[in-house]
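What follows is a single structure, written as C-alpha cells, with notes after it.
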Amino acid sequence: MRSLVAGNWKMNGLKAESLELASDLAGRARSGAVCDVLVCPPSTMLSDVGAVISGSGIMLGGQDCHALESGAHTGDVSPVMLADLGCSHAIVGHSERRANHGESDAVVTEKAAAAHKAGLTAIICLGENAAERVEGRAKEIVTLQLHGSLPEGASAANTVIAYEPVWAIGTGNTATPQDVTEIHDHLRGELIRAFGDDGNAVRLLYGGSVNAGNASELLAVDNVNGALVGGASLKPDDFWAIVESGRPD
Ligand code: PGA
C-alpha cells in the first residue's frame with residue numbers, strides 16, 4: 001500500500017517560519033514525492049500554508065475538529081471550515097487532545113463522523129500510555145480505543161488509524177519495530193473484523209518519535225502504511241528523509 005507521511009506541526013510556527021517550511025517542502029514535492037504527503041499546521045496557518053503548497057501534491061489537514069458544523073463554540077474549528085480551506089484530512093483523538101481536553105472515545109467518534117460528513121478523511125489516533133504498556137495491556141487498550149472511536153460509515157476510503165503509544169510521543173523513546181509489528185498486526189486483524197476485506201485497505205500509521213534515522217526500519221514493517229510525525233516534521237531535511245522512506249505502492 002502507498003505510504004502516507006503526515007506532519008503534525010502541533011502548536012508551532014509563526015507566519016514567517018511556517019511559510020518557509022511549507023515552501024521548502026512544496027519545492028521538494030514538485031520534483032516528486034515517493035509517497036503521499038500531508039501537513040497539518042496550526043489552524044492559524046492553514047489558509048496561508050494551503051496557498052503555498054497548492055499544486056505541489058502535498059495535502060493539507062487540520063489537527064482537530066469540532067463535532068458540529070457551526071455554532072456557539074468559542075475557539076473551536078469545524079470540519080466544514082477545514083474543508084472550506086482546502087483540507088483533505090483532520091486528525092482526531094490525538095493523545096494530547098485526549099489528555100489536555102478530556103476527549104473520550106465517544107467524543108472522538110463524533111469528531112470522526114463530523115469529519116466524514118464534511119468530506120474529510122479522519123486520522124483517528126490511539127495508543128496506550130507507559131503504565132498500560134508495563135502492565136501488558138497495550139493490545140487491550142488499543143482494541144478498546146479502536147472500536148470505541150470508529151464511527152458508523154467509517155471505511156478505508158475515509159479513515160486512517162494512527163497508532164501512537166503515548167510514551168513514545170515527543171520523548172525520543174521510539175517503539176521498536178517488534179513492538180510496532182505486534183500492535184499493527186493486531187490492529188489489522190481488528191480492522192478486518194470490523195470491515196471485512198476493506199480492513200486490509202485501511203492505512204495504519206505509526207507515530208511517536210519518528211525521525212530521519214529510524215523511519216526506514218519503521219516504515220518497512222508489514223502493516224505500517226505511513227507515519228504521523230511531530231517534532232521531525234518541523235525540520236524539512238528530516239521530514240523529507242522520512243517521506244523518502246515511504247513506499248510508492
Ligand atoms: P513526535 O509526535 O513525532 O514529536 O513524537 C508525534 C505525534 O504526536 O503525532
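The structure displayed is predicted, hence computed values, not measured ones. Just so you know, ligand 1 is whichever comes first in the structure, and atom 1 is the first atom listed for that ligand.
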Using a 4.0 Å cut-off to any heavy atom of [X], which atoms of ligand 1 qualify?
X	answer
Gly170	1 (P), 4 (O), 5 (O)
His94	7 (C), 8 (O), 9 (O)
Gly231	1 (P), 3 (O), 4 (O)
Ala168	5 (O)
Asn8	9 (O)
Gly208	5 (O)
Glu164	6 (C), 7 (C), 8 (O), 9 (O)

For Glu140, does the CD atom have more than 12 heavy-atom neighbours from other residues, nucleotides or ligands under 6.0 Å away?
-> yes
Just checking, is any N or O donor in the side chain of His116 or Thr121 under 3.5 Å from an acceptor N or O on the other one?
-> no
Does the side chain of Gln63 come under 3.5 Å of the side chain of His94 through a donor N or O and an acceptor N or O?
-> no
Protein contact to atom 2 (O) of ligand 1 [nearest heavy atom, distance to 0.1 Å] | Lys10 NZ, 3.3 Å
Which residue and non-hydrogen atom of the protein lie closest to atom 3 (O) of ligand 1, and at what distance in Å?
-> Gly230 N, 2.8 Å
Nearest heavy-atom pair of Pro165 and Tyr206: which atoms, and what distance?
-> CD-CE1, 3.6 Å
Under a heavy-atom criterion of less than 4.0 Å, does Ala232 contact ligand 1?
-> no
Under the criterion side-chain contact (heavy atoms from CB on, under 4.5 Å), which of Asn8, Val5, Ile123 is the partner of Leu38?
-> Ile123
Under 4.0 Å between a Lys/Arg side-chain N and an Asp/Glu carboxylate O for Lys139 and Asp185?
-> no
Before accepting this row, confirm whether a basic side-chain N of the pair Asp105/Arg98 lies closer than 4.0 Å to the acidic partner's carboxylate O.
-> yes
